[in-house]
> 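Below you will find the structure I want to go over with you.
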Amino acid sequence: MTKIFWVTCPQCQGEFYCHWHELRHKQIKLLCPYCSHQFLDKESSKIVE
Ligand SMILES: [Zn+2]
């Protein structure tokens, strides 16, 4: 089963999920599907994993 985590975009507050093994604690910027803002997982205003 693929592990995921939910993030909240700091710009538009949109919530979306990412693949945990690929993106969590990786210093890779996440791309918001709603406003195209790019941010690190630690910049998310909320993380659910
Ligand atoms: Zn956004």
> Locate the shortest heavy-atom distance separating Leu31 from Ser36; write the atom from each residue and the value.
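Closest approach of Leu31 to Ser36, heavy atoms only: CD1-O, 3.4 Å.
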> Same cluster or not: are Trp20 and Val7 linked, directly or through other Ile, Leu, Val, Met, Phe, Trp or Tyr residues, by side-chain heavy atoms under 4.5 angstrom apart?
yes
> If you compare all heavy atoms of Lys26 against all heavy atoms of His21, which two are closest, and at what distance to 0.1 Å?
NZ-O, 3.0 Å
> Is atom NZ of Lys46 surrounded by more than 12 heavy atoms (other residues, nucleotides or ligands) closer than 6.0 Å?
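Not more than 12 within 6.0 Å, no.
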> May I have the step-by-step check of side chain to side chain contact (heavy atoms under 4.5 Å, CB included) for Cys12 and His37, ending in yes or no?
CA-CA 8 Å; Cys12 73; His37 180 59; over 6 Å; no
> Which atom pair, heavy atoms only, marks the closest approach of His19 to Phe5?
O-CE2, 3.8 Å
> Can you tell me how far apart CD1 (Ile4) and CZ (Phe16) are? Round to the nearest 0.5 Å.
12.0 Å
> Measure across Glu15 and Thr8 and return the closest heavy-atom pair with its distance rounded to 0.1 Å.
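Looking at all heavy atoms of both residues, the closest pair is CG-OG1, 3.5 Å.
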> So, the side chain of Asp41 versus the backbone of His25: is there a donor-acceptor pair under 3.5 Å, distance only?
yes
> Are Ile28 and Trp6 in one and the same hydrophobic cluster, where Ile, Leu, Val, Met, Phe, Trp and Tyr link if side-chain heavy atoms are under 4.5 Å apart?
no
> How far does CD of Gln11 sit from OG of Ser45, to the nearest 0.5 angstrom?
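Answer rounded to 0.5 Å: 11.5 Å.
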> Would you call Glu43-Lys29 a salt bridge at under 4.0 Å N-O?
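Salt bridge absent between Glu43 and Lys29.
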> When rounded to the nearest 0.5 angstrom, what is the spacing between CZ in Arg24 and CG in Leu30?
9.5 Å
> Where is the tightest heavy-atom contact between Cys9 and Phe39, given as atom of each residue plus distance?
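Closest heavy-atom pair between Cys9 and Phe39: CA-CZ, 3.7 Å.
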